[in-house]
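Remember, predicted model here, so these are calculated numbers, not experimental data.
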Amino acid sequence: MTLAPDRLDRFARHIVLPELGGAGQVALSAAHVVLVGCGGIGSPALQYLAGAGVGRLTLIDDDAVDLSNLQRQTIFAEADLGRSKAEAAADWVRRFDGAVEVRAVVGRLGGDNAAQLLEGATLVLDGCDNFATRLAVSDACVKLGVPLTSAALGRFQGQVANFAGHREGQSCYRCFVGDAFDAEDCDTCAADGVLGAMAGWVGTFAAMHAVRVLTEGHAAMGDPQWGKVHLLDGLTPALRTMRIVKDPECRACGGN
């Protein structure tokens with residue numbers, strides 16, 4: 001695969017980076033990222049995935065744009081109120097870069113359809129807001145052999161990690177949180193609040209972490225850092241990292 005002259009111009013600032021280069025940009029152009037959730041995390045992540053030149057995007061969300069979203073979900077405007085987030089986000093991508101192939105899926109991802117929705121992805125970036133969906137995404141990624149970038153957000157805190165539970169010796173998201181969170185209940189931004197700029201930090205951090213995975217083996221941007229959870233504290237501010245070891249008893253990846 002080669003890049004057309006206009007794409008070379010568009011991504012010139014990437015290509016001159018020795019850590020990324022033309023080979024890394026080609027890898028991004030050939031990638032298919034499935035974004036689960038187009039809200040607080042998905043909105044900034046999508047901007048920088050599209051900006052990075054990811055060639056194909058599938059956007060999954062069952063929610064509609066609400067006025068309270070606009071404080072942090074910056075791809076939406078007042079004209080989008082009441083619209084499907086997935087469809088409004090797909091329209092944003094089309095306006096931003098007509099060369100990116102984008103598909104909107106309006107609906108909820110769960111254990112019954114996760115494998116179908118995620119099949120064929122190069123990477124899944126999960127920014128949804130409940131543990132049941134997160135675990136369904138993770139389990140499907142392990143089963144399909146697809147890497148997962150997982151990101152979460154609340155108040156002034158966030159966490160971002162890359163998981164590859166399908167690989168020997170690597171943990172999955174279920175190794176991190178266990179089975180106790182297979183439920184719909186979860187802390188919400190509506191109840192607890194969230195700083196808008198914090199959503200931007202977590203979402204863009206997740207996009208950069210996704211780029212690490214997508215360019216693995218093609219560029220020297222760095223280790224995907226499988227199983228390392230980066231904890232972002234926007235109040236202090238601070239960043240710390242902890243490693244999640246593979247649980248041999250994990251019902252999703254323990255046999256891998």
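Asp9 places no side-chain N or O within 3.5 Å of a backbone atom of Asp6 that could act as its donor or acceptor partner. In this structure a side-chain-to-backbone donor-acceptor pair under 3.5 Å is missing from Asp139 to Ala136. In this structure, the side chain of Thr236 does not engage the main chain of Ala238 through any donor-acceptor pair within 3.5 Å. A donor-acceptor pair under 3.5 Å is formed between the side chain of Ser43 and the backbone N or O of Thr74. Side-chain atoms of Gln73 never come within 3.5 Å of backbone atoms of Pro44 as a donor-acceptor pair (strictly under, hydrogens ignored).
Side-chain contact between Lys228 and Met242 is absent, with no heavy-atom pair separated by less than 4.5 Å. Contact annotation: the side chain of Asp97 approaches that of Arg10 to within less than 4.5 Å [non-hydrogen atoms, C-beta and beyond]. The shortest distance between side-chain heavy atoms of Leu231 and Thr241 does not fall below 4.5 Å.
Within the structure, side chain to side chain donor-acceptor pair (under 3.5 Å) contacts touching residues 27-41 (residues at least two apart or in different chains) are His32-Thr58. Note on residues 195-216: pairs passing salt bridge (charged side-chain N to carboxylate O under 4.0 Å, His left out), not counting sequence neighbours, are Arg167-Glu216.
Ionic pairing of Asp61 and Lys85 is not present here: no N-O contact between side-chain nitrogen and carboxylate oxygen is shorter than 4.0 angstrom. Remark: Arg174 does not engage Asp247 in a salt bridge, criterion side-chain N to carboxylate O under 4.0 Å.
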Exercise. Begin from the C-alpha positions of Asp129 and Arg134 and carry the test salt bridge (charged side-chain N to carboxylate O under 4.0 Å, His left out) through to its verdict.
Key: CA-CA 8 Å; Asp129 60 1; Arg134 287 181 177 278; over 6 Å; no
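Within 6.0 Å of atom CD in Gln71, more than 12 heavy atoms from other residues, nucleotides or ligands are found, so the atom counts as buried in its surroundings.
When all heavy atoms of Tyr48 and Ala207 are compared, the pair lying nearest together is CB-CB, 3.9 Å. Taking every heavy atom of both residues into account, Lys246 and Gln170 meet most closely at NZ-O, 2.6 Å.
Between His209 and Phe205, the ring planes are tilted. Angles from 30° to 60° get that label.
The side-chain contact (heavy atoms from CB on, under 4.5 Å) check on Arg83 picks up Asp80, Glu87, Ala88, Asp91, with sequence neighbours excluded.
Residues Ser150 and Asp126 bring no donor and acceptor atom of their side chains to less than 3.5 Å of each other.
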